[in-house]
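Here's the structure, in C-alpha coordinates; my notes come after.
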Amino acid sequence: MVTPAASHSRPDPWPDAADLLVWYDRHRRALPWRALPGTVPDPYRVWLSEIMLQQTTVAAVKPYFARFLERFPDVSALAAAPEETVMSAWAGLGYYSRARNLHACAKAVAASGAFPDTVEGLRKLPGIGAYTAGAIAAIAFDRPAAAVDGNVERVVSRLFAVEQPLPAARPALRGLAESLVPQERPGDFAQAVMDLGATLCTPKRPACALCPWMLPCQARREGTQETFPRKLKREAGALRRGAAFVVQRAGDGAVLLRTRPPTGLLGAMAEPPTSEWRPDYDVAQALLDAPLDARWKRLPGLVRHVFTHFPLELTVFSARVAADTPAPDGMRFTTPAGMADEPLPGAMKKVLAHALEQKLAPPPAPAQPPEPDLATPPPAEPPPRRAPVPKVLSRRPIAAAPPRKGGPRKG
DNA sequence: TACACGTGGGC
DNA sequence: TGCCCAAGTGT
(Lines give C-alpha, C1' and ligand atoms only; values in the text may rest on other atoms or scores of the structure.)
Protein backbone atom coordinates (compact mmCIF):
# COMPACT_ATOMS: atom_id res chain seq x y z
CA MET A 1 0.00 0.00 0.00
CA VAL A 2 1.70 3.13 -1.18
CA THR A 3 0.70 6.53 0.04
CA PRO A 4 0.19 9.06 -2.71
CA ALA A 5 2.99 11.56 -2.50
CA ALA A 6 0.71 14.58 -2.51
CA SER A 7 -1.42 13.47 0.45
CA HIS A 8 0.81 15.04 3.08
CA SER A 9 3.85 17.20 3.70
CA ARG A 10 7.22 16.29 5.08
CA PRO A 11 7.84 18.45 8.14
CA ASP A 12 11.02 20.44 8.34
CA PRO A 13 12.46 20.20 10.88
CA TRP A 14 11.46 16.60 11.57
CA PRO A 15 9.46 16.14 14.82
CA ASP A 16 11.94 15.06 17.48
CA ALA A 17 10.75 12.56 20.09
CA ALA A 18 13.22 14.01 22.58
CA ASP A 19 11.50 17.41 22.46
CA LEU A 20 8.19 15.79 23.25
CA LEU A 21 9.68 13.78 26.12
CA VAL A 22 11.11 16.91 27.70
CA TRP A 23 7.64 18.41 27.62
CA TYR A 24 6.13 15.19 28.96
CA ASP A 25 8.48 15.04 31.92
CA ARG A 26 7.16 18.39 33.00
CA HIS A 27 3.51 18.23 31.98
CA ARG A 28 2.44 14.62 32.10
CA ARG A 29 -0.99 14.01 33.54
CA ALA A 30 -1.24 12.16 36.82
CA LEU A 31 -3.69 9.34 36.20
CA PRO A 32 -4.68 6.53 38.57
CA TRP A 33 -3.50 3.81 36.19
CA ARG A 34 -0.23 5.46 35.36
CA ALA A 35 2.94 4.23 37.07
CA LEU A 36 4.95 6.87 38.87
CA PRO A 37 8.12 7.94 37.07
CA GLY A 38 10.83 5.39 37.67
CA THR A 39 8.48 2.63 38.79
CA VAL A 40 7.46 -0.51 36.92
CA PRO A 41 3.96 -0.48 35.43
CA ASP A 42 1.49 -3.24 36.31
CA PRO A 43 0.33 -4.85 33.04
CA TYR A 44 -3.04 -5.67 34.58
CA ARG A 45 -3.73 -2.03 35.36
CA VAL A 46 -2.43 -0.88 32.01
CA TRP A 47 -4.63 -3.37 30.20
CA LEU A 48 -7.72 -2.68 32.31
CA SER A 49 -7.40 1.06 31.85
CA GLU A 50 -6.81 0.78 28.12
CA ILE A 51 -9.93 -1.31 27.62
CA MET A 52 -12.01 1.11 29.68
CA LEU A 53 -10.61 4.11 27.86
CA GLN A 54 -11.65 2.86 24.44
CA GLN A 55 -13.95 5.59 23.15
CA THR A 56 -14.49 6.73 26.71
CA THR A 57 -13.36 9.84 28.56
CA VAL A 58 -10.84 9.83 31.38
CA ALA A 59 -13.40 11.35 33.76
CA ALA A 60 -15.91 8.59 33.10
CA VAL A 61 -13.33 5.84 33.53
CA LYS A 62 -11.82 6.92 36.85
CA PRO A 63 -14.56 5.68 39.22
CA TYR A 64 -14.98 2.45 37.28
CA PHE A 65 -11.28 1.78 37.32
CA ALA A 66 -11.13 2.24 41.07
CA ARG A 67 -14.08 -0.01 41.63
CA PHE A 68 -12.72 -2.75 39.38
CA LEU A 69 -9.40 -2.73 41.20
CA GLU A 70 -11.23 -3.10 44.47
CA ARG A 71 -13.43 -5.92 43.33
CA PHE A 72 -10.94 -7.60 41.05
CA PRO A 73 -7.42 -6.83 42.33
CA ASP A 74 -5.66 -8.90 39.68
CA VAL A 75 -6.32 -10.90 36.49
CA SER A 76 -7.03 -14.13 38.30
CA ALA A 77 -9.64 -12.47 40.47
CA LEU A 78 -11.30 -11.06 37.38
CA ALA A 79 -11.06 -14.38 35.56
CA ALA A 80 -12.66 -16.20 38.49
CA ALA A 81 -15.59 -13.80 38.79
CA PRO A 82 -19.01 -14.73 37.38
CA GLU A 83 -19.83 -13.09 34.10
CA GLU A 84 -22.79 -11.23 35.56
CA THR A 85 -20.67 -9.69 38.29
CA VAL A 86 -18.38 -8.27 35.66
CA MET A 87 -21.27 -6.99 33.57
CA SER A 88 -22.84 -5.31 36.60
CA ALA A 89 -19.59 -3.62 37.50
CA TRP A 90 -19.36 -2.35 33.93
CA ALA A 91 -22.98 -1.16 33.72
CA GLY A 92 -23.14 2.48 32.69
CA LEU A 93 -19.77 2.58 30.97
CA GLY A 94 -21.15 1.60 27.57
CA TYR A 95 -19.88 -0.62 24.74
CA TYR A 96 -20.69 -3.76 26.67
CA SER A 97 -18.87 -6.09 24.34
CA ARG A 98 -15.77 -4.64 25.98
CA ALA A 99 -16.85 -6.16 29.29
CA ARG A 100 -17.51 -9.55 27.77
CA ASN A 101 -14.17 -9.48 25.99
CA LEU A 102 -12.47 -8.23 29.12
CA HIS A 103 -13.70 -11.26 31.00
CA ALA A 104 -12.72 -13.64 28.21
CA CYS A 105 -9.31 -12.02 28.01
CA ALA A 106 -8.79 -12.31 31.75
CA LYS A 107 -9.51 -16.03 31.57
CA ALA A 108 -7.04 -16.50 28.73
CA VAL A 109 -4.33 -14.55 30.52
CA ALA A 110 -4.93 -16.27 33.84
CA ALA A 111 -4.75 -19.64 32.10
CA SER A 112 -1.49 -18.84 30.34
CA GLY A 113 0.01 -17.26 33.45
CA ALA A 114 0.83 -13.76 32.25
CA PHE A 115 0.12 -11.08 29.68
CA PRO A 116 1.99 -11.47 26.40
CA ASP A 117 4.67 -8.79 26.14
CA THR A 118 4.64 -8.30 22.38
CA VAL A 119 2.24 -6.60 20.00
CA GLU A 120 1.65 -9.85 18.12
CA GLY A 121 0.90 -11.80 21.28
CA LEU A 122 -1.40 -9.14 22.70
CA ARG A 123 -3.21 -8.69 19.43
CA LYS A 124 -4.53 -12.26 19.63
CA LEU A 125 -6.46 -11.61 22.83
CA PRO A 126 -10.17 -10.72 22.77
CA GLY A 127 -10.88 -7.01 22.95
CA ILE A 128 -7.32 -6.07 22.06
CA GLY A 129 -7.01 -4.47 18.65
CA ALA A 130 -4.21 -2.62 16.92
CA TYR A 131 -4.31 0.39 19.19
CA THR A 132 -4.56 -1.44 22.50
CA ALA A 133 -1.88 -3.97 21.59
CA GLY A 134 0.49 -1.14 20.78
CA ALA A 135 -0.43 0.77 23.91
CA ILE A 136 0.12 -2.19 26.25
CA ALA A 137 3.32 -3.28 24.54
CA ALA A 138 4.71 0.23 24.79
CA ILE A 139 3.40 1.32 28.18
CA ALA A 140 3.60 -1.92 30.14
CA PHE A 141 6.65 -3.49 28.45
CA ASP A 142 8.47 -0.52 26.93
CA ARG A 143 8.42 -1.97 23.44
CA PRO A 144 8.95 0.50 20.58
CA ALA A 145 5.36 0.20 19.37
CA ALA A 146 3.04 2.93 18.17
CA ALA A 147 -0.27 3.36 20.01
CA VAL A 148 -2.43 5.10 17.45
CA ASP A 149 -5.67 6.34 18.91
CA GLY A 150 -7.81 9.33 18.09
CA ASN A 151 -5.40 11.71 19.82
CA VAL A 152 -2.45 10.42 17.87
CA GLU A 153 -4.34 10.55 14.61
CA ARG A 154 -5.12 14.19 15.26
CA VAL A 155 -1.56 15.07 16.25
CA VAL A 156 -0.02 13.26 13.29
CA SER A 157 -2.56 14.55 10.78
CA ARG A 158 -1.62 18.09 11.82
CA LEU A 159 2.09 17.47 11.98
CA PHE A 160 2.08 16.19 8.41
CA ALA A 161 -0.98 18.10 7.16
CA VAL A 162 -2.54 14.87 5.94
CA GLU A 163 -5.22 15.78 3.41
CA GLN A 164 -6.82 12.38 3.12
CA PRO A 165 -9.97 12.16 5.28
CA LEU A 166 -10.63 9.59 7.98
CA PRO A 167 -11.26 6.73 8.09
CA ALA A 168 -9.44 6.11 4.81
CA ALA A 169 -6.36 7.91 6.13
CA ARG A 170 -5.92 5.45 8.99
CA PRO A 171 -3.18 3.29 7.47
CA ALA A 172 -1.21 6.33 6.35
CA LEU A 173 -1.52 7.94 9.77
CA ARG A 174 -0.36 4.75 11.44
CA GLY A 175 2.68 4.60 9.19
CA LEU A 176 3.58 8.20 9.98
CA ALA A 177 3.04 7.63 13.70
CA GLU A 178 5.32 4.60 13.63
CA SER A 179 8.02 6.65 11.96
CA LEU A 180 8.15 8.89 15.03
CA VAL A 181 8.57 6.20 17.70
CA PRO A 182 11.98 6.41 19.38
CA GLN A 183 14.06 3.49 20.64
CA GLU A 184 14.52 5.30 23.94
CA ARG A 185 11.53 5.48 26.29
CA PRO A 186 8.91 4.28 23.78
CA GLY A 187 6.41 3.76 26.60
CA ASP A 188 6.67 7.34 27.78
CA PHE A 189 6.57 8.48 24.17
CA ALA A 190 3.26 6.70 23.57
CA GLN A 191 1.73 8.36 26.60
CA ALA A 192 3.29 11.68 25.72
CA VAL A 193 1.67 11.84 22.28
CA MET A 194 -1.69 11.04 23.82
CA ASP A 195 -1.23 13.66 26.53
CA LEU A 196 -0.28 16.17 23.89
CA GLY A 197 -3.44 15.40 21.96
CA ALA A 198 -5.60 15.51 25.08
CA THR A 199 -4.25 18.73 26.57
CA LEU A 200 -2.70 20.91 23.83
CA CYS A 201 -3.39 19.50 20.39
CA THR A 202 -7.12 19.43 21.06
CA PRO A 203 -9.86 19.12 18.42
CA LYS A 204 -10.83 22.76 18.86
CA ARG A 205 -8.62 25.70 19.72
CA PRO A 206 -5.33 23.82 19.98
CA ALA A 207 -2.76 25.60 22.17
CA CYS A 208 -0.03 25.66 19.54
CA ALA A 209 1.98 28.32 21.35
CA LEU A 210 2.68 25.85 24.15
CA CYS A 211 3.38 22.86 21.92
CA PRO A 212 6.82 21.26 21.89
CA TRP A 213 6.21 20.35 18.25
CA MET A 214 5.05 23.74 17.06
CA LEU A 215 8.01 24.21 14.76
CA PRO A 216 7.76 20.99 12.79
CA CYS A 217 3.96 21.17 12.56
CA GLN A 218 2.94 21.68 8.94
CA ALA A 219 -0.67 22.52 9.69
CA ARG A 220 0.41 25.14 12.18
CA ARG A 221 2.76 26.60 9.62
CA GLU A 222 -0.17 27.01 7.26
CA GLY A 223 -2.57 28.16 9.99
CA THR A 224 -4.94 25.28 9.21
CA GLN A 225 -4.46 23.19 12.35
CA GLU A 226 -8.11 23.27 13.34
CA THR A 227 -9.15 21.72 10.03
CA PHE A 228 -7.30 18.47 10.75
CA PRO A 229 -7.92 15.63 10.80
CA ARG A 230 -10.09 15.78 7.71
CA LYS A 231 -13.06 13.50 8.05
CA LEU A 232 -16.15 12.37 6.21
CA LYS A 233 -19.31 12.95 8.17
CA ARG A 234 -21.74 10.13 8.43
CA GLU A 235 -25.46 10.58 8.54
CA ALA A 236 -27.47 9.89 11.65
CA GLY A 237 -29.59 6.76 11.88
CA ALA A 238 -33.37 6.93 11.68
CA LEU A 239 -35.40 7.36 14.84
CA ARG A 240 -36.70 4.10 16.29
CA ARG A 241 -39.68 3.77 18.59
CA GLY A 242 -40.94 1.11 20.91
CA ALA A 243 -42.75 0.37 24.15
CA ALA A 244 -41.27 -0.61 27.51
CA PHE A 245 -43.20 -2.46 30.20
CA VAL A 246 -42.47 -1.84 33.84
CA VAL A 247 -44.20 -4.38 36.06
CA GLN A 248 -44.05 -3.92 39.78
CA ARG A 249 -45.08 -6.68 42.15
CA ALA A 250 -47.26 -5.85 45.15
CA GLY A 251 -45.70 -6.40 48.53
CA ASP A 252 -41.97 -6.27 47.91
CA GLY A 253 -42.06 -3.92 44.93
CA ALA A 254 -39.95 -6.25 42.79
CA VAL A 255 -39.67 -5.30 39.12
CA LEU A 256 -39.91 -7.65 36.17
CA LEU A 257 -36.63 -7.90 34.24
CA ARG A 258 -35.04 -10.07 31.60
CA THR A 259 -31.57 -10.48 30.13
CA ARG A 260 -30.90 -9.44 26.55
CA PRO A 261 -29.29 -11.83 24.07
CA PRO A 262 -25.56 -12.32 24.65
CA THR A 263 -24.37 -10.30 21.66
CA GLY A 264 -25.54 -7.28 19.75
CA LEU A 265 -27.00 -4.08 21.11
CA LEU A 266 -26.71 -3.98 24.92
CA GLY A 267 -25.71 -7.63 24.75
CA ALA A 268 -26.07 -9.61 27.98
CA MET A 269 -27.43 -6.59 29.80
CA ALA A 270 -30.66 -6.47 31.82
CA GLU A 271 -33.85 -4.63 30.89
CA PRO A 272 -37.55 -4.44 31.60
CA PRO A 273 -39.36 -6.20 28.75
CA THR A 274 -39.84 -4.03 25.68
CA SER A 275 -41.37 -4.34 22.26
CA GLU A 276 -39.17 -4.35 19.19
CA TRP A 277 -37.74 -0.95 18.33
CA ARG A 278 -38.67 0.10 14.84
CA PRO A 279 -39.06 3.37 12.93
CA ASP A 280 -42.68 2.46 12.16
CA TYR A 281 -43.63 1.09 15.57
CA ASP A 282 -47.30 1.73 16.36
CA VAL A 283 -47.72 2.54 20.04
CA ALA A 284 -51.47 2.08 19.75
CA GLN A 285 -50.78 -1.63 19.34
CA ALA A 286 -48.24 -1.78 22.13
CA LEU A 287 -50.26 -3.95 24.49
CA LEU A 288 -49.99 -6.82 22.03
CA ASP A 289 -46.32 -6.83 23.02
CA ALA A 290 -46.89 -6.76 26.77
CA PRO A 291 -45.19 -9.53 28.71
CA LEU A 292 -48.29 -10.43 30.72
CA ASP A 293 -51.93 -9.56 31.29
CA ALA A 294 -52.43 -6.67 33.67
CA ARG A 295 -54.12 -3.32 34.03
CA TRP A 296 -51.58 -1.41 31.97
CA LYS A 297 -51.25 2.29 32.35
CA ARG A 298 -49.59 4.30 29.63
CA LEU A 299 -47.38 6.88 31.27
CA PRO A 300 -47.23 10.41 29.92
CA GLY A 301 -44.05 11.51 28.26
CA LEU A 302 -41.38 9.51 26.53
CA VAL A 303 -37.99 8.16 27.38
CA ARG A 304 -35.48 9.32 24.81
CA HIS A 305 -32.05 7.88 24.41
CA VAL A 306 -29.42 8.39 21.76
CA PHE A 307 -27.20 5.50 20.77
CA THR A 308 -24.19 5.94 18.55
CA HIS A 309 -26.06 5.04 15.42
CA PHE A 310 -29.70 5.86 16.14
CA PRO A 311 -32.02 7.75 18.50
CA LEU A 312 -34.65 5.85 20.44
CA GLU A 313 -38.02 6.84 21.91
CA LEU A 314 -39.72 4.47 24.29
CA THR A 315 -43.27 4.83 25.51
CA VAL A 316 -43.49 3.44 29.01
CA PHE A 317 -46.37 1.31 30.27
CA SER A 318 -46.60 0.36 33.91
CA ALA A 319 -48.64 -2.15 35.83
CA ARG A 320 -48.91 -3.46 39.33
CA VAL A 321 -49.47 -7.16 39.80
CA ALA A 322 -50.31 -9.44 42.70
CA ALA A 323 -47.54 -10.62 44.98
CA ASP A 324 -47.91 -14.21 43.83
CA THR A 325 -47.68 -13.44 40.11
CA PRO A 326 -45.08 -15.71 38.51
CA ALA A 327 -42.53 -14.21 36.16
CA PRO A 328 -43.08 -15.20 32.53
CA ASP A 329 -40.60 -17.60 30.94
CA GLY A 330 -37.11 -16.16 30.67
CA MET A 331 -37.89 -13.29 33.02
CA ARG A 332 -37.46 -12.64 36.72
CA PHE A 333 -38.67 -10.35 39.46
CA THR A 334 -35.89 -8.39 41.06
CA THR A 335 -36.41 -6.70 44.41
CA PRO A 336 -35.23 -3.15 45.07
CA ALA A 337 -32.33 -4.58 47.07
CA GLY A 338 -31.33 -6.81 44.18
CA MET A 339 -31.32 -4.00 41.63
CA ALA A 340 -27.76 -3.00 42.42
CA ASP A 341 -26.57 -6.32 41.04
CA GLU A 342 -28.51 -6.04 37.81
CA PRO A 343 -26.45 -4.95 34.79
CA LEU A 344 -28.79 -2.19 33.73
CA PRO A 345 -27.58 0.08 30.93
CA GLY A 346 -28.27 3.79 31.07
CA ALA A 347 -31.18 3.64 28.69
CA MET A 348 -32.97 1.12 30.86
CA LYS A 349 -32.29 3.00 34.05
CA LYS A 350 -34.02 5.92 32.39
CA VAL A 351 -37.05 3.74 31.71
CA LEU A 352 -37.26 2.54 35.30
CA ALA A 353 -36.71 6.01 36.67
CA HIS A 354 -39.45 7.31 34.42
CA ALA A 355 -41.91 4.73 35.71
CA LEU A 356 -40.94 5.28 39.32
CA GLU A 357 -41.12 9.04 38.96
CA GLN A 358 -44.76 8.79 37.91
CA LYS A 359 -45.53 6.87 41.04
CA LEU A 360 -43.80 9.13 43.46
CA ALA A 361 -44.86 12.37 41.87
CA PRO A 362 -48.46 12.16 40.70
CA PRO A 363 -49.45 15.17 38.61
CA PRO A 364 -50.82 18.00 40.74
CA ALA A 365 -53.39 18.57 38.02
CA PRO A 366 -57.12 17.96 38.60
CA ALA A 367 -57.88 14.33 39.31
CA GLN A 368 -57.79 12.23 36.19
CA PRO A 369 -60.16 9.36 35.61
CA PRO A 370 -58.44 6.52 37.49
CA GLU A 371 -58.26 3.99 34.68
CA PRO A 372 -57.21 5.65 31.45
CA ASP A 373 -57.78 3.41 28.51
CA LEU A 374 -54.85 1.49 27.53
CA ALA A 375 -53.82 2.28 24.07
CA THR A 376 -54.84 5.85 23.63
CA PRO A 377 -52.45 8.62 24.45
CA PRO A 378 -52.86 9.89 27.98
CA PRO A 379 -54.76 13.12 28.53
CA ALA A 380 -52.71 16.28 28.50
CA GLU A 381 -49.07 15.62 27.87
CA PRO A 382 -47.07 17.80 30.25
CA PRO A 383 -43.46 18.55 29.52
CA PRO A 384 -41.90 15.64 31.40
CA ARG A 385 -39.25 14.13 29.21
CA ARG A 386 -35.68 13.45 30.14
CA ALA A 387 -36.17 11.18 33.09
CA PRO A 388 -33.42 12.31 35.43
CA VAL A 389 -31.92 9.75 37.72
CA PRO A 390 -31.59 11.98 40.76
CA LYS A 391 -33.23 12.06 44.17
CA VAL A 392 -35.80 9.43 43.52
CA LEU A 393 -33.03 6.93 43.04
CA SER A 394 -31.00 8.02 45.97
CA ARG A 395 -33.86 7.13 48.23
CA ARG A 396 -34.52 3.83 46.64
CA PRO A 397 -31.62 2.84 44.46
CA ILE A 398 -32.67 1.24 41.24
CA ALA A 399 -29.13 0.26 40.58
CA ALA A 400 -25.73 1.08 41.81
CA ALA A 401 -25.37 4.43 40.15
CA PRO A 402 -21.61 4.82 40.00
CA PRO A 403 -20.24 8.15 41.07
CA ARG A 404 -20.03 10.03 37.87
CA LYS A 405 -18.56 13.26 38.96
CA GLY A 406 -15.37 13.81 40.65
CA GLY A 407 -11.87 14.19 39.44
CA PRO A 408 -10.52 17.16 37.63
CA ARG A 409 -11.51 17.47 34.01
CA LYS A 410 -8.94 16.79 31.44
CA GLY A 411 -7.09 19.84 30.42
C1' DT B 1 -14.76 -0.94 3.63
C1' DA B 2 -18.62 0.02 6.36
C1' DC B 3 -21.30 -0.74 10.18
C1' DA B 4 -22.64 -1.91 14.86
C1' DC B 5 -21.72 -0.77 19.30
C1' DG B 6 -23.09 3.47 24.85
C1' DT B 7 -22.63 7.19 27.35
C1' DG B 8 -21.82 11.81 29.15
C1' DG B 9 -19.77 16.33 28.72
C1' DG B 10 -18.54 20.60 26.18
C1' DC B 11 -19.73 24.40 23.41
C1' DT C 1 -30.67 22.17 21.46
C1' DG C 2 -27.89 19.57 18.68
C1' DC C 3 -23.70 18.06 17.20
C1' DC C 4 -19.06 16.66 18.11
C1' DC C 5 -16.04 14.21 20.66
C1' DA C 6 -13.57 10.45 23.84
C1' DA C 7 -7.00 5.96 25.01
C1' DG C 8 -11.42 1.28 19.26
C1' DT C 9 -12.83 -3.53 18.29
C1' DG C 10 -15.32 -7.09 15.91
C1' DT C 11 -17.62 -8.57 11.96
- Query: Just checking, A/Arg230 and A/Phe228: is the charged tip under 6.0 Å from the six-membered ring centre and within 45° of the axis?
  - Reply: yes
- Looking across every strand, which nucleic acid part, if any, lies under 4.0 Å from A/Trp33 by heavy atom: base, sugar-phosphate, or nothing? base
Tabulate atom names and distances for all N/O pairs under 3.5 angstrom spanning the protein and nucleotides 2-4 of chain B.
none

- Message: What is the distance, to the nearest angstrom, from the CZ atom on A/Arg170 to the P atom on C/dG8?
- Response: 9 Å
- Task: Would you please indicate if the ring centroids of A/Phe310 and A/Phe307 are separated by under 6.0 Å?
- Result: yes
- Query: For the side chain of A/Thr308 and the base of B/dG6, is some donor closer than 3.5 Å to an acceptor across the two?
  - Reply: yes
- Item | Side-chain N or O of A/Gln55 closer than 4.0 Å to phosphate OP1/OP2 of C/dG8 | yes
- Query: Touch check for A/Leu102, heavy atoms < 4.0 angstrom, all strands: base, sugar-phosphate only, or nothing?
  - Reply: nothing
- Query: When all nucleic acid strands are considered with a 4.0 Å heavy-atom cut-off, which category describes A/Leu266: base, sugar-phosphate, or nothing?
  - Reply: sugar-phosphate
- For the pair A/Glu120 and A/Lys124, find out whether any cationic side-chain nitrogen is under 4.0 Å from an anionic carboxylate oxygen. no
- For the base of C/dA6, is there a side-chain donor-acceptor partner from A/Arg154 under 3.5 Å away? no
- Note on the structure: Whole-Å distance, A/Met52 CE to C/dA7 C1', equals 13 Å
- Query: For the side chain of A/Arg29, counting heavy atoms from C-beta on, which of C/dG8, C/dA7, B/dG8 is nearest?
  - Reply: C/dA7
- Message: Can you tell me if A/His305 touches the phosphate of B/dG6, counting only side-chain N or O atoms and a distance under 4.0 Å to OP1 or OP2?
- Response: no
- Those residues at least two apart in sequence (or on a different chain) that pass side chain to side chain donor-acceptor pair (under 3.5 Å) with A/Asp19 are none
- Heavy-atom distance under 4.5 Å between the side chains of A/Arg34 and A/Asp195, does that happen here? yes
- Query: Between A/Met194 and A/Pro126, which has a closest nucleotide on DNA chain C that is more 5'?
  - Reply: A/Met194
- Is the shortest side-chain N to carboxylate O distance from A/Glu342 to A/Arg332 below 4.0 Å? yes
- Task: State, yes or no, whether a side-chain contact exists between A/Tyr281 and A/Asp289 at a heavy-atom distance under 4.5 Å.
- Result: yes
- Would you indicate, yes or no, if C/dA6 has its OP1 or OP2 atom less than 4.0 angstrom from a side-chain nitrogen or oxygen of A/Tyr95? no
- Do A/Phe160 and A/Trp14 have ring centres separated by under 6.0 Å? yes
- At under 4.0 Å between heavy atoms, what does A/Thr132 touch on the DNA or RNA strands: base, sugar-phosphate, or nothing? sugar-phosphate
- C/dG8 C1' sits how many Å from A/Arg123 CZ, rounded? 10 Å
- Query: Counting any heavy atom closer than 4.0 Å, what does A/Val61 reach on the DNA or RNA strands: base, sugar-phosphate only, or nothing?
  - Reply: nothing
- Message: Without decimals, in angstroms, what is the distance between A/Arg28 CZ and C/dA7 P?
- Response: 17 Å
- Whole-Å distance between C/dA6 C1' and A/Asp195 CG? 14 Å
- Message: Can you measure A/Arg304 atom CZ to C/dC3 atom P for me and round it to whole angstrom units?
- Response: 14 Å
- Message: Suppose we call a contact any N or O donor and acceptor under 3.5 Å apart; does that hold for the side chain of A/Thr56 and the base of B/dG8?
- Response: no
- Message: Let's see if you can work this out: which of C/dG8, B/dG6, C/dA6 has an atom nearest to the side-chain heavy atoms of A/Asn151?
- Response: C/dA6
- Query: What nucleic acid atoms does A/Ala347 come within less than 4.0 Å of, heavy atoms only: base, sugar-phosphate, or nothing?
  - Reply: sugar-phosphate
- Note on the structure: The nucleotide from C/dA6, C/dG8, B/dT7 with an atom nearest the side chain of A/Gln54 is C/dG8
- Query: Of all the nucleotides listed (B/dT7, C/dC5, B/dG6), which has the minimum atom distance to the side chain of A/Lys231?
  - Reply: C/dC5
- Message: Need one value for A/Ala168: base, sugar-phosphate or nothing, where a base atom within 4.0 Å counts as base even if backbone is also close, heavy atoms only.
- Response: nothing
